[in-house]
Asks: 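One structure, as structure tokens, below. Some questions next.
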Amino acid sequence: MYPNFLWALFLLLIPIAIHLFSFRRYKTIYFSRVEFLKEVKEDSRTGARLKHLLVLISRLLFLTLLVFAFAQPFTPIGDGETTENLTSIYFDNSLSMQSEGADGDLLNESKNAAIELITAFDENEKITILTSELLATDQRFVSKQEAIDRIKEIDFSPQSTKIQSAINVSRDLFERSVSPGNRRVILFSDLQKSIATDIATDSSDCTIYLYAAEAVDPGNIFIDSVWFESPIHRINNPVELFFRVRNISENDVEDMTINLQINEDSPRPKRISVAANSYSIDKITYTDRDAGIKEGTLSLQTDQLFFDDYYYFNYTIQENIPILILTEESGQNNVEQLYQSSNYYSAVSKNINAVTTDDFKDKSLIVCQNVNSIPSGIKDLLKNKLKSGATVILIPGTRADLSNWNSLSNEFNLPNLLPSEKTNSELTYFSDENPLFKGNFEEKPKGYKFSKVMEYYRLSGSSNNTYITLFGLTKTNPFLIYNKWNNGRVVLQSSPLNSDFTNFQNHALFGLTYLRLAETSSFQTPLHMTMGELENFPVNQEFTEENPMHLINEDYGVDVIPQMITSSQSRYITLSPVQEYIQEAGFYQLTNNKDFEQSISINYNRSESYTECFTVEDYQKLLNDGGFENVRILNNSDGERIELKKLNATEYWRILLILALVFLAIEILLIKLWKS
């Protein structure tokens with residue numbers, strides 16, 4: 001490791017020179033009868049030479065071993081050229097690591113093992129600490145103490161990251177490092193299958209060490225999802241909330257309590273049973289007694305993994321539905337009569353040529369009934385309402401200006417109106433399974449009398465059309481269609497509400513359809529969102545720089561300004577750039593602190609709830625099959641210390657130093673005890 005110390009081997013010349021030039025001179029003394037003395041002389045000279053030779057060898061070996069000890073020879077790991085280590089330690093600190101292990105939760109168990117490991121590292125070790133967030137601030141090499149301090153700061157994160165991504169980031173750090181060294185990646189994870197798969201077929205010049213954190217009880221029970229089958233929410237009407245609970249364990253769950261809270265109200269709890277490795281779908285029925293924003297929490301209680309015991313959702317109930325009806329031809333008032341059937345529908349009728357901008361304000365549904373031509377100013381107002389999430393129903397008049405109508409149809413991605421043609425047909429196609437009619441039929445309607453169509457504007461079909469047909473003369477010859485446009489919905493009927501054209505307005509399905517269109521016309525926002533997958537959230541409010549939108553949760557100390565997007569066709573905020581500030585599930589308020597407020601429900605990603613994990617041996621094989629040849633298991637078994645020798649190159653300086661001291665002791669013993 002330090003080859004320059006080998007120059008000290010020239011010091012061996014000194015004891016050799018001393019040995020060669022320090023022979024003792026003998027005096028000759030004459031005795032009578034010297035035969036016996038000659039034998040003693042020869043024996044003494046031979047013993048002295050042997051002693052001096054052994055002392056010289058011991059001294060040379062002592063110095064040689066001492067020099068080599070300071071040079072620190074080693075056998076590198078693999079084909080390495082240096083004992084300097086570049087170490088990337090990755091912690092899977094996702095929510096599944098909340099499971100209890102033998103020494104507390106799995107994350108703290110992994111942190112303690114890593115600190116123990118780092119403490120025994122060499123002082124020149126270069127270490128980087130990565131977590132599931134893969135933060136840019138962590139992507140650098142630090143000292144031992146800095147690494148330990150960073151590990152102590154690690155907490156659970158809702159971020160779920162593939163292990164392959166962590167390996168890729170580590171390898172990028174190695175490539176950017178100017179220092180050569182043994183490259184190794186140490187993975188601390190529960191090896192959950194949802195994050196441990198997708199290993200790319202690749203070769204790697206780094207060694208991977210696996211520490212598999214194992215839960216005492218690998219099972220989990222959690223709320224998978226919630227939904228409403230009907231999008232309609234009205235005051236004093238029964239509501240059915242559906243939910244799904246999964247049991248990821250080998251044991252059946254009996255008589256588990258499911259609690260629901262809507263704002264401050266708590267409907268009666270539900271008790272369910274879920275078989276092992278299965279799921280159960282059930283519902284809770286309750287009634288909303290007032291209008292406004294509703295924040296709902298569905299919950300259960302378990303002994304393992306608590307983050308997915310709660311599911312948050314929200315919706316809004318309106319006191320009434322504001323409707324604007326634009327007419328042109330007189331004598332047709334079918335829509336007005338329909339919406340006067342209940343105070344819940346607050347309808348205002350205006351002539352399309354006398355309507356003002358204020359008439360459009362706060363309207364959820366705009367109906368253009370039997371209109372031959374739509375002025376350009378009205379077209380712009382319709383687009384703005386659609387951008388705000390309203391529903392627009394377009395019904396042409398008996399003398400429709402096709403050029404005028406088709407210019408609007410093209411903008412709304414609707415088929416064009418062809419010249420009217422007479423027919424004697426019936427509306428034989430009815431999309432009764434469309435979500436618009438969800439909950440209206442106990443069974444599929446059959447045996448009813450079809451509406452008749454005597455004259456209509458045929459709609460030009462195209463393979464690129466994205467509209468949905470509700471009624472048609474046939475499935476391929478549509479009569480009443482709708483299409484999503486920006487945040488809203490556009491409905492087009494191909495025949496005027498006129499008895500010479502059709503009797504659809506006299507049919508029961510006409511009332512059902514148009515009432516449902518009104519009830520679902522209010523601005524629709526997501527029932528809930530998922531952390532880590534936050535994208536765009538539609539809003540029906542204009543943005544201003546003076547009053548920007550804030551995303552706020554006072555309990556978690558969150559107050560951020562998300563990016564606001566306004567285009568010619570839509571208006572929304574994008575939550576992706578602020579995801580790093582949203583670390584807790586719950587209700588967040590979207591407000592401009594003036595005249596707009598909306599609740600957003602954010603839940604933890606349920607991918608962390610599926611606790612099925614690889615064994616460390618199986619994952620080692622998976623990495624091997626993916627091209628990672630040097631994969632070693634680093635688990636501490638039965639509470640024993642981690643084997644540090646697996647992580648270091650084989651070094652010999654300690655052995656050499658001990659041997660040097662041994663030969664020094666031999667030299668001393670030879671000098672003191674061997675009497676010539």
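Along the sequence shown, residues are numbered consecutively beginning with 1.
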Asks: Backbone N or O of Leu134 within a donor-acceptor pair of the Gln139 side chain at under 3.5 Å?
Replies: yes
Asks: For a quick check under 3.5 Å, do Ser94 and Asp92 share a side-chain donor-acceptor pair by atom type?
Replies: yes
Asks: So does Lys621 pair up with Asp625, basic N to acidic O under 4.0 Å?
Replies: yes
Asks: Quiz question: by atom type and distance under 3.5 Å, do the side chains of Thr131 and Glu133 form a donor-acceptor pair?
Replies: yes
Asks: Before accepting this row, confirm whether a basic side-chain N of the pair Arg183/Glu175 lies closer than 4.0 Å to the acidic partner's carboxylate O.
Replies: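 Yes, Arg183 and Glu175 are salt-bridged.
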Asks: Decide yes or no for Asn536 and Leu575: does some side-chain heavy atom of the first lie under 4.5 Å from some side-chain heavy atom of the second?
Replies: no
Asks: Please name the pair of heavy atoms, one in Gly219 and one in Ser249, separated by the smallest distance, quoted to 0.1 Å.
Replies: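 Result for this residue pair: CA-CB, 3.9 Å.
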Asks: Take atom CD of Gln301 as the centre, draw a 6.0 Å sphere, and report whether it contains more than 12 heavy atoms from other residues, nucleotides or ligands.
Replies: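 12 or below, so no.
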Asks: Under 3.5 Å, is there a donor-acceptor pair linking the side chains of Asp618 and Thr615?
Replies: yes
Asks: Any side-chain donor paired with an acceptor under 3.5 Å for Asn605 and Ser160?
Replies: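 Asn605 vs Ser160: no donor-acceptor pair found between side chains.
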Asks: Going by an N to O cut-off under 4.0 Å, is there a salt bridge joining Glu125 and Lys144?
Replies: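 Salt bridge between Glu125 and Lys144, a charged N being under 4.0 Å from a carboxylate O: no.
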Asks: Check the pair Asn247 / Ser278 against side chain to side chain donor-acceptor pair (under 3.5 Å), numbers first and verdict last.
Replies: CA-CA 6 Å; Asn247 179 9; Ser278 183; over 6 Å; no
Asks: Between atom CZ of Phe174 and atom OG of Ser88, what is the distance when rounded to the nearest 0.5 Å?
Replies: 5.0 Å
Asks: Look up atom CD1 in Ile129 and atom CZ in Phe91, then write down how far apart they are to the nearest 0.5 Å.
Replies: 5.5 Å
Asks: Determine the sole option in Phe614, Tyr209, Tyr211 for which the ring pair (Phe, Tyr, Trp, His ring centres under 6.0 Å) test with Tyr619 is passed.
Replies: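 With Tyr619 as partner, ring pair (Phe, Tyr, Trp, His ring centres under 6.0 Å) holds for just one option, Phe614.
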Asks: Ile552 and Tyr588: side chain to side chain contact (heavy atoms under 4.5 Å, CB included), yes or no, with the steps?
Replies: CA-CA 5 Å; Ile552 299 173; Tyr588 291 76; over 6 Å; no
Asks: Can a donor-acceptor pair be found between the side chains of Glu116 and Asn112 at a distance below 3.5 Å?
Replies: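 No, because no side-chain N or O of Glu116 sits under 3.5 Å from a partner of the opposite role on Asn112.
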Asks: Is it the case that the side chains of Asn277 and Glu250 hold a donor-acceptor pair, with the cut-off being a distance below 3.5 Å and no angle test?
Replies: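 Yes, side-chain donor-acceptor contact under 3.5 Å.
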Asks: Can you tell me if OH on Tyr310 sees more than 12 non-hydrogen neighbours from other groups inside 6.0 Å?
Replies: no
Asks: Go through the structure and list residues passing side-chain hydrogen bond (donor to acceptor under 3.5 Å, both in side chains) with Ser599, not counting sequence neighbours.
Replies: Glu295
Asks: Does a side chain donor of either Asn483 or Thr466 reach within less than 3.5 Å of an acceptor in the other side chain?
Replies: yes
Asks: Is atom CZ of Phe228 surrounded by more than 12 heavy atoms (other residues, nucleotides or ligands) closer than 6.0 Å?
Replies: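 Yes, enclosed.
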Asks: Quiz question: by atom type and distance under 3.5 Å, do the side chains of Gln159 and Ser132 form a donor-acceptor pair?
Replies: no
Asks: Suppose we call two aromatic rings close when their centres sit under 6.0 Å apart. Are Phe222 and Tyr610 close by that rule?
Replies: yes
Asks: Are Asp224 and Arg606 ion-paired here, with the side-chain N under 4.0 Å from a carboxylate O?
Replies: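 Salt bridge between Asp224 and Arg606, a charged N being under 4.0 Å from a carboxylate O: no.
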Asks: Within the distance-only criterion (no hydrogens, no angle test), does the side chain of Glu533 pair as donor or acceptor with the backbone N or O of Thr530 below 3.5 angstrom?
Replies: no
Asks: For atom CD of Glu153, decide whether the heavy atoms of other residues, nucleotides or ligands shown that lie under 6.0 angstrom number more than 12.
Replies: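 Atom CD in Glu153 is crowded, with more than 12 foreign heavy atoms closer than 6.0 Å.
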Asks: Determine whether Ile573 and Ile565 satisfy the following criterion, side chain to side chain contact (heavy atoms under 4.5 Å, CB included), listing intermediate values before the conclusion.
Replies: CA-CA 6 Å; Ile573 64 168; Ile565 305 296; over 6 Å; no
Asks: Below 4.5 Å, heavy atoms only, C-beta onward: do Phe188 and Met97 meet side chain to side chain?
Replies: no
Asks: Might you work through the side chain to side chain donor-acceptor pair (under 3.5 Å) test for Asn553 and Glu584, ending with a clear yes or no?
Replies: CA-CA 10 Å; Asn553 186 304; Glu584 302 286 344; over 6 Å; no
Asks: Are the side chains of Lys270 and Phe243 in touch, meaning some heavy atoms are under 4.5 Å apart?
Replies: yes
Asks: To the closest 0.5 Å, what do you measure between CG (Leu107) and CD1 (Ile151)?
Replies: 10.5 Å
Asks: What about Tyr311 and His528, are their ring centers closer than 6.0 Å?
Replies: yes
Asks: Might you work through the side chain to side chain contact (heavy atoms under 4.5 Å, CB included) test for Asp308 and Ile223, ending with a clear yes or no?
Replies: CA-CA 6 Å; Asp308 49 13; Ile223 302 173; over 6 Å; no
Asks: Under 3.5 Å, side chain of Tyr556 to main-chain N/O of Ala585, donor-acceptor pair present?
Replies: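 Yes, because the side chain of Tyr556 sits within donor-acceptor range (under 3.5 Å) of the backbone of Ala585.
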Asks: Is there a side-chain contact between Ile582 and Leu551 in this structure, where contact means two heavy atoms from C-beta onward sitting under 4.5 Å apart?
Replies: yes
Asks: Val185 vs Thr207, test: side chain to side chain contact (heavy atoms under 4.5 Å, CB included). Steps then yes/no.
Replies: CA-CA 6 Å; Val185 179; Thr207 303; over 6 Å; no
Asks: A side-chain contact here means heavy atoms from C-beta on lying under 4.5 Å apart; do Asn624 and Glu629 qualify?
Replies: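 The answer is no, as the side chains (C-beta and beyond) never meet within the 4.5 Å cut-off.
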Asks: Could you tell me which non-hydrogen atom of Ile195 sits nearest to which non-hydrogen atom of Thr161, and how far apart they are?
Replies: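 For Ile195 and Thr161, the tightest heavy-atom pair comes out as CB-O, 3.5 Å.
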Asks: CG/Leu298 to CD/Gln261 distance, rounded to the nearest 0.5 angstrom?
Replies: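 Output value for this atom pair is 11.0 Å.
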Asks: Could you go through the side chain to side chain donor-acceptor pair (under 3.5 Å) check for Asp288 and Tyr315 one step at a time?
Replies: CA-CA 11 Å; Asp288 287 308; Tyr315 57 95; 2.8 Å; yes
Asks: What distance do Asn93 atom CG and Leu106 atom CG have between them, rounded to the nearest 0.5 Å?
Replies: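 Answer rounded to 0.5 Å: 12.5 Å.
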Asks: Are the side chains of Lys193 and Cys613 in contact, using a 4.5 Å heavy-atom criterion?
Replies: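 With C-beta onward as the side chain, the pair stays apart.
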Asks: Using modelled atom types only, decide if a donor and an acceptor are shared between the side chain of Thr128 and the backbone of Arg140 within a distance under 3.5 Å.
Replies: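 Yes, the answer is positive, given that a donor and an acceptor are paired below the 3.5 Å cut-off.
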Asks: Please tell me if the side chains of Ile208 and Leu187 come closer than 4.5 Å, counting only heavy atoms from C-beta onward.
Replies: yes
Asks: Find out whether Leu634 and Ile186 are in side-chain contact, i.e. whether some heavy atom of one side chain is under 4.5 Å from a heavy atom of the other.
Replies: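 Side-chain contact under 4.5 Å: yes.
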Asks: Judged by modelled atom types alone, do Ser96 and Asp190 share a side-chain donor-acceptor pair under 3.5 Å?
Replies: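 Yes, side-chain donor-acceptor contact under 3.5 Å.
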Asks: Would you say the ring centers of Tyr312 and Phe587 fall short of 6.0 Å from each other?
Replies: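 Aromatic pair counts; centres sit under 6.0 Å.
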Asks: Tell me whether Thr302 contacts the main-chain N or O of Gln304 through its side chain, where contact means a donor paired with an acceptor under 3.5 Å.
Replies: yes
Asks: With rounding to the nearest 0.5 angstrom, report the CD to OG1 distance, Gln579 to Thr574.
Replies: 8.5 Å
Asks: Could you note down all residue pairs passing salt bridge (charged side-chain N to carboxylate O under 4.0 Å, His left out) where residues 257-266 supplies at least one of them, sequence neighbours left out?
Replies: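 Every pair satisfying salt bridge (charged side-chain N to carboxylate O under 4.0 Å, His left out) with a residue in residues 257-266: there are none.
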Asks: Is there a donor in the side chain of Ser601 and an acceptor in the side chain of Asn314, or the other way round, less than 3.5 Å apart?
Replies: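 Looking only at side-chain atoms, Asn314 and Ser601 do form a donor-acceptor pair, the distance falling under 3.5 Å.
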Asks: Say whether, by atom type as modelled, one donor and one acceptor occur between the side chain of Gln589 and the main chain of Glu597 under 3.5 angstrom.
Replies: no
Asks: Please confirm whether the backbone N or O of Ser609 pairs with a side-chain atom of Asn220, one donor and one acceptor, at under 3.5 Å?
Replies: yes
